[in-house]
Amino acid sequence: MTGIRYVRGDATVPSVKGVKVIAHVCNDIGGWGKGFVLALSRRRPEPEAAYRAWHRDRAANDFGLGAVQLVQAERYVWVANMIGQRGVRTGSKGVPVRYEAIDTALDRLAGHVLELGASVHMPRIGCGLAGGRWSRVEPLVQERLVRRGIPVTVYDHD
């Protein structure tokens, strides 16, 4: 078992062969407009459109903390919209990140990734606008993905 591979670069354009899943954290209120999602939307419109439809129809689907929506953006590129953030602002209940929801979403993601025979590519999920700490997220990525033999690359943007 190898660990997480850390690289400098852009997680929206993984440059490895084979099927790739770009994983990122979304909020539970339907907001898409700041942070990593802007870079994602500049390259591919499908993940944003799918997320907005998923949120709009949430009364009839699984949209909520811990849920994962897999969206095919290109022949060999999928995007995993993972709901791991409660709202978008820091308030009396602390920062928006919800580690339990990220853990659940990563666990669900693993099944999809194994079926696809894919590798996973991500920024330091939950640690930007969501206000999380990588020291709390990294062990979840290790446990849910790396321990199952899934190759994971984490991108630190230049």
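The hydrophobic clustering, which links ILVMFWY residues whose side-chain heavy atoms are closer than 4.5 Å, places Val13 and Val77 apart. In terms of hydrophobic clustering, with Ile, Leu, Val, Met, Phe, Trp and Tyr side chains grouped at heavy-atom distances under 4.5 Å, Val113 and Val152 are assigned to a common cluster. Val137 and Val88 fall into different hydrophobic clusters, where Ile, Leu, Val, Met, Phe, Trp and Tyr residues are linked whenever their side-chain heavy atoms come under 4.5 Å apart, directly or through other members. Criterion: ILVMFWY side-chain heavy atoms under 4.5 Å apart, direct or through other members. Under it, Val71 and Leu40 are not part of a common hydrophobic cluster. Tyr155 and Val25 fall into different hydrophobic clusters, where Ile, Leu, Val, Met, Phe, Trp and Tyr residues are linked whenever their side-chain heavy atoms come under 4.5 Å apart, directly or through other members.
The CG atom of Leu116 sits 9.0 Å away from the CG atom of Leu109 when rounded to the nearest 0.5 Å. One finds the CD1 atom of Ile83 at 8.5 Å from the NE2 atom of His55 (value rounded to the nearest 0.5 Å). Taken to the nearest 0.5 Å, the CD atom of Glu100 stands 9.5 Å off from the CG atom of Leu140. The CZ atom of Arg5 sits 9.5 Å away from the OG atom of Ser119 when rounded to the nearest 0.5 Å. Atom CG in Leu106 sits 9.5 Å away from atom CD1 in Ile150 (nearest 0.5 Å).
Taking all atoms of both residues into account, the shortest heavy-atom contact from Met82 to Ala105 is CB-CB, 3.8 Å. Smallest separation of non-hydrogen atoms from Pro151 and Ala118: CD-O, 4.0 Å. Taking both residues in full, the closest heavy atoms of Gly87 and Pro96 are given as O-CB, 3.8 Å, listed atom of the first, atom of the second, then distance. Residue Met122 comes nearest to Ala23 through the heavy atom pair CB-O, 3.2 Å, listed as atom of the first residue, atom of the second, then distance. Closest heavy-atom contact between Ala101 and Gly84: CB-CA, 3.9 Å. Across all their heavy atoms, Val21 and Ala80 have their closest contact at CG1-CB, 3.8 Å.
A salt bridge does not link Arg136 to Asp103: none of the charged nitrogens lies less than 4.0 Å from a carboxylate oxygen. Under the 4.0 Å criterion applied to side-chain N and carboxylate O atoms, Arg43 and Asp10 are assigned as salt-bridge partners.
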Trace of the side-chain contact (heavy atoms from CB on, under 4.5 Å) decision for Ile22 with Trp78: CA-CA 6 Å; Ile22 299 168; Trp78 295 76; over 6 Å; no
Derivation of the side-chain contact (heavy atoms from CB on, under 4.5 Å) call for Val37 and Glu48: CA-CA 8 Å; Val37 297; Glu48 178 180 358; over 6 Å; no
Step-by-step side-chain contact (heavy atoms from CB on, under 4.5 Å) determination, Leu38 to Phe36: CA-CA 5 Å; Leu38 291 179; Phe36 181 74; over 6 Å; no
Residues Arg144, Val141; criterion side-chain contact (heavy atoms from CB on, under 4.5 Å); working and verdict: CA-CA 5 Å; Arg144 299 303 183 183; Val141 174; over 6 Å; no
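Side-chain atoms of His121 and Thr153, non-hydrogen and from C-beta on, do get closer than 4.5 Å to each other. Between Val154 and Val7 there is no side-chain heavy-atom pair separated by less than 4.5 Å.
Of the possible polar contacts, one joining the Asn81 side chain to the Pro47 backbone as a donor-acceptor pair under 3.5 Å is found. Of the possible donor and acceptor atoms, none in the side chain of Glu74 sits under 3.5 Å from a partner among the backbone N and O of Tyr76. Proximity of a side-chain donor or acceptor of Glu46 to a complementary backbone N or O of Ala49 within less than 3.5 Å is not detected. In this structure a side-chain-to-backbone donor-acceptor pair under 3.5 Å is missing from Glu143 to Leu145. Arg86 places no side-chain N or O within 3.5 Å of a backbone atom of Ile29 that could act as its donor or acceptor partner. Judged by distance alone, with hydrogens and angles left aside, the side-chain atoms of Gln69 form a donor-acceptor pair with the main-chain N or O of Ala50 at under 3.5 Å.
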Under 3.5 Å, which donor-acceptor pairs do the side chains of residues 124-134 form with other protein atoms, sequence neighbours left out?
from   : atom 1 : to     : atom 2 : distance (Å)
Arg124 : NE     : Asp156 : OD1    : 2.7
Arg124 : NH2    : Asp156 : OD2    : 2.9
Trp134 : NE1    : Tyr6   : OH     : 2.9

Extract all donor-acceptor atom pairs below 3.5 Å that involve side chains of residues 59-66 and protein atoms in other chains or at least two apart in sequence.
from  : atom 1 : to    : atom 2 : distance (Å)
Asn61 : OD1    : Phe63 : N      : 2.8
Asn61 : ND2    : Trp54 : O      : 2.9
Asn61 : ND2    : Asp57 : O      : 3.1
Asp62 : OD1    : Trp54 : NE1    : 2.9

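For Trp32 and His24, the ring centers sit closer than 6.0 Å to each other.
With sequence neighbours excluded, the residues that form a side-chain hydrogen bond (donor to acceptor under 3.5 Å, both in side chains) with Asn27 are Tyr51.
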